[in-house]
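I have placed the structure first, in the form of structure tokens, so that the comments after it can refer back to it.
We name chains A, B, ... by the order of the sequence lines, and we start the count at 1 in each one.
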2 protein chains.
Amino acid sequence: MPPQNLDAIFAALADPTRRAILTRLASGEAGVNELTEPFEMSQPAISKHLKVLERAGLVERAIDKQRRPARLKAKPMAAAVNWLEEFKEFWSSSFDQLDDLLTTLKQAELKEPGNE
Amino acid sequence: MPPQNLDAIFAALADPTRRAILTRLASGEAGVNELTEPFEMSQPAISKHLKVLERAGLVERAIDKQRRPARLKAKPMAAAVNWLEEFKEFWSSSFDQLDDLLTTLKQAELKEPGNE
DNA sequence: TACTTGCATAACCATCTGGTTATATTTTGA
DNA sequence: TCAAAATATAACCAGATGGTTATGCAAGTA
């Protein structure tokens with residue numbers, strides 16, 4: 001789980017077109033033309049997006065005649081989920097309102113003794 | 001939960017420095033200098049990263065004398081978790097080997113009848 | 001063989017990103 | 001009042017990103 005992967009995965013997920021492609025692929029593999037159709041975008045643009053998804057390890061390509069159907073490879077996304085899950089633990093314990101209040105009080109304490 | 005936020009959130013998470021900042025902030029608020037220290041990077045660079053995190057809604061700034069301590073605002077990250085969780089459902093059901101096999105068979109079926 | 005389909009690749013462009021150094025701003029503290 | 005501290009802002013730069021059009025190429029089909 002090198003951080004480099006996390007970089008690539010999150011970056012890949014940061015584009016709405018790519019997220020839409022992933023969503024589409026979740027219901028089955030698809031060729032480039034098929035993936036291009038829903039978007040107002042050229043086929044090479046989609047090919048580029050697919051390459052980004054490939055580099056992130058989220059998609060793999062097959063060979064079927066002249067087609068290069070893309071298929072989801074969602075396991076790497078677990079890395080992203082994992083990172084976020086670890087965070088979840090933090091906030092659920094440390095970032096509810098009670099803790100917010102404590103932080104605020106602490107702040108007040110620091111500036112209170114003085115003046116303005 | 002507009003997709004624009006998802007864009008900004010995932011983009012913000014795509015940088016290791018920013019993830020490190022978030023991790024640091026998880027254990028309490030911190031000023032810019034304090035956040036700069038662990039990195040071999042200038043203070044303005046960190047200020048820029050903080051702005052990216054702010055725009056993504058993941059961090060808020062307070063005012064304490066001349067300090068502008070940053071604090072985690074992790075709730076928006078739930079949007080990212082949410083998107084990924086929805087995906088999780090997909091793979092767990094649709095992307096194990098069995099389904100892989102089904103897809104393959106379906107493909108074969110399409111080409112088998114010998115026509116279009 | 002020649003045409004078509006499905007896709008990749010190249011060359012180009014504008015904009016964004018992530019960093020820098022230098023400087024300005026604000027507030028504290030002597 | 002003046003210097004220092006904490007941060008922001010500006011100007012700049014190289015390289016990445018996201019799109020385009022034009023073209024190449026491999027495999028199926030007439």
Side-chain angles (χ1 to χ4, degrees), chain A residues 3-4 6-22 25 29-56 58-71 107 110-116, chain B residues 3-4 6-22 25 29-56 58-71 107 110-116:
Chain A
Q4 196 192 357
L6 268 185
D7 287 14
I9 291 169
F10 280 129
L13 294 179
D15 186 277
T17 302
R18 287 194 292 264
R19 287 197 305 276
I21 290 177
L22 290 175
L25 292 180
E29 64 172 36
V32 175
N33 284 338
E34 196 176 346
L35 289 173
T36 301
E37 206 184 323
F39 302 100
E40 300 202 333
M41 204 178 292
S42 67
Q43 167 261 309
I46 299 297
S47 283
K48 276 194 178 184
H49 281 304
L50 284 174
K51 240 177 198 163
V52 173
L53 291 169
E54 265 188 279
R55 282 202 318 254
L58 297 174
V59 148
E60 61 185 359
R61 311 296 299 270
I63 294 185
D64 168 38
K65 310 181 183 179
Q66 337 76 307
R67 296 176 67 238
R68 299 282 178 275
R71 182 185 307 191
Q107 269 304 114
L110 284 175
K111 71 178 294 188
E112 235 190 36
N115 49 343
E116 222 76 37
Chain B
Q4 195 192 356
L6 268 184
D7 288 13
I9 291 169
F10 280 128
L13 295 178
D15 186 277
T17 302
R18 286 194 291 265
R19 287 197 304 276
I21 290 177
L22 290 175
L25 291 180
E29 64 171 36
V32 176
N33 283 338
E34 196 177 346
L35 289 171
T36 301
E37 205 185 321
F39 302 99
E40 300 202 332
M41 202 177 294
S42 67
Q43 167 261 309
I46 300 295
S47 283
K48 276 194 178 184
H49 281 304
L50 284 174
K51 245 184 193 156
V52 173
L53 291 169
E54 264 187 280
R55 281 202 317 254
L58 297 174
V59 148
E60 61 184 0
R61 311 295 299 273
I63 294 186
D64 167 40
K65 308 182 184 178
Q66 52 298 51
R67 295 175 67 238
R68 297 282 178 278
R71 180 186 310 190
Q107 270 304 115
L110 284 176
K111 70 181 293 192
E112 239 190 33
N115 51 342
E116 230 77 37

Phosphate oxygens OP1/OP2 of [N]: is one of them under 4.0 Å from a side-chain N or O of [X]?
X     : N      : answer
B:R61 : D:dA8  : yes
B:N33 : D:dA5  : no
A:R67 : D:dG28 : no
B:S42 : C:dT20 : yes
B:S47 : D:dA8  : yes

[X] has an atom [atom1]; how far is it from atom [atom2] of [N], in whole Å?
X     : N      : atom1 : atom2 : answer
A:L35 : C:dG6  : CG    : C1'   : 12 Å
B:E37 : D:dT7  : CD    : P     : 12 Å
A:D15 : D:dG19 : CG    : P     : 6 Å
B:R68 : C:dT25 : CZ    : P     : 14 Å
B:K65 : C:dT28 : NZ    : P     : 7 Å
B:L50 : D:dT9  : CG    : P     : 12 Å
A:K51 : D:dG18 : NZ    : P     : 15 Å

Polar pair under 3.5 Å, donor/acceptor by atom type, side chain [X], base [N]:
X     : N      : value
B:Q43 : D:dA6  : no
A:K48 : D:dG19 : yes
B:Q66 : C:dT28 : no

Closest to side chain of B:P44, choosing from D:dT20, C:dT20, D:dT7: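 Nearest to the side-chain atoms of B:P44, counting from C-beta on, is C:dT20.
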
